[in-house]
Amino acid sequence: MDSPIAVIGGNGRVGRLVVEKLLARGERVRVLGRSERGSRHRSEAEFFRADVREPATLTAPLAGCSAVVYSVEPGTSDSGSDSPRATMYQGVLNALEAATAGGARPHFALVSQIYVTRPENSMNSYGRLLDWRLAGEDAVRAAGLPHTVVRPSWLTDRHAAGSAVRLEQGDTGDGKICRDDVAEAIVNALYLPAGAGITFEIYNGSGSAGTDWSRLFGGLRRDEAPAAAR
Ligand SMILES: NC(=O)c1ccc[n+]([C@@H]2O[C@H](COP(=O)([O-])OP(=O)(O)OC[C@H]3O[C@@H](n4cnc5c(N)ncnc54)[C@H](OP(=O)(O)O)[C@@H]3O)[C@@H](O)[C@H]2O)c1
């Protein structure tokens, strides 16, 4: 791509894999996080100290980017700066605003999770984590940008549940997904036309490893424009 790609949470476990895959494709990558710790081995990526809860820290690193990947771990307090509302909703709004300054229209890829439409799940007792994640997703879908919302199932570092990849919609499933497959899904979604305008859950399962992302994305239902934007 002509312009840099920003990875918010690019020092995290999924984020780091996304950064490595983008660098391997020859992209210019900006890593955003609260601390530079852990990013030294990727000297080709430019690190920016940024906190999604502090809008001013996002302005420079998100300016002029062709794509933004948001892979941020939520806090679990009921309220305040360490709450899911601050990181999964307000933080997403802050990133959208910074990324679209001056009329820019980057591809925005959000890492969410399964269960977001199942508020009765026990994870929602952590600061209404699921409700705020869904509100963040809705903000991304309503922004009018090329977007991808990825809902990983339980993350693993190895293929603990088979090496085939299955995408679902409707948020009814349960299972596991390897972080490397999540990163691969995000990166492919930035390049493939069928990867824009979709929300999906992602799982590993038994079967062969080779993944045809174009076919997987192409088989999904496109997100509907939110009522206000129709
Ligand atoms: N664990 C699971 O089974 C599971 C399942 C589904 C979805 N997910 C979600 O998948 C995503 C990626 O997971 P992961 O395992 O890669 O997480 P991770 O290793 O904990 O990485 C999360 C990143 O978020 C960054 N971050 C946290 N607060 C921030 C803030 N206020 N501003 C900017 N950056 C911030 C951290 O960097 P700094 O500390 O340097 O700021 C870190 O690099 C997360 O959203 C996670 O909740 C997890």
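FYI, the numbering just counts along the sequence from 1. The figures that follow rest on heavy atoms only: side chains count, while hydrogens, waters and symmetry mates do not. Indexing begins at 1, ligand by ligand and atom by atom, following the structure's order.
For a threshold of 3.5 Å applied to N or O pairs, the pair formed by Met88 and ligand 1 contains no separation below that value. Considering backbone and side-chain atoms together, Gly33 places no N or O closer than 3.5 Å to any N or O of ligand 1. On a distance-only criterion, Glu73 and ligand 1 share at least one N/O pair closer than 3.5 Å.
Remark: ligand 1 atoms within the under-4.0 Å shell around heavy atoms of Gly9 are 23 (C), 25 (C), 43 (O). Counting atoms of ligand 1 from 1 in the listed order, those under 4.0 Å from a heavy atom of Ser71 are 11 (C), 12 (C), 22 (C), 23 (C), 24 (O). Ligand 1 places these atoms under 4.0 Å from at least one heavy atom of Pro74: 47 (O). Distances below 4.0 Å separate heavy atoms of Val72 from the following atoms of ligand 1: 24 (O), 26 (N), 27 (C), 28 (N), 29 (C), 35 (C), 44 (C), 45 (O). Atoms of ligand 1 found under 4.0 Å from any heavy atom of Ser112, numbered from 1 in the order shown, are 7 (C), 9 (C). In the vicinity of Trp154, heavy-atom distances shorter than 4.0 Å reach the ligand 1 atoms 3 (O). Of all the atoms in ligand 1, the ones that sit under 4.0 Å from a non-hydrogen atom of Arg179 are 15 (O). For ligand 1, the atoms closer than 4.0 angstrom to any heavy atom of Ser153 are 5 (C), 6 (C).
Nearest to atom 18 (P) of ligand 1 by heavy-atom distance, out of Gln113, Glu201, Arg13, Arg49, is Arg13. The residue from Asp51, Asp82, Ile177, Leu155 that puts a heavy atom closest to atom 31 (N) of ligand 1 is Asp51.
Here the protein heavy atom with the shortest distance to atom 11 (C) of ligand 1 is Val111 CG1, 3.6 Å.
One finds a salt bridge joining Glu137 and Arg141 here, because a Lys/Arg side-chain nitrogen approaches an Asp/Glu carboxylate oxygen to under 4.0 Å. The pair Lys21-Glu184 counts as a salt bridge, with a side-chain nitrogen and a carboxylate oxygen less than 4.0 angstrom apart.
For the pair Arg221 and Phe200, the cation does not sit on the ring face, since its NZ or CZ is not both under 6.0 Å from the ring centre and inside 45° of the axis.
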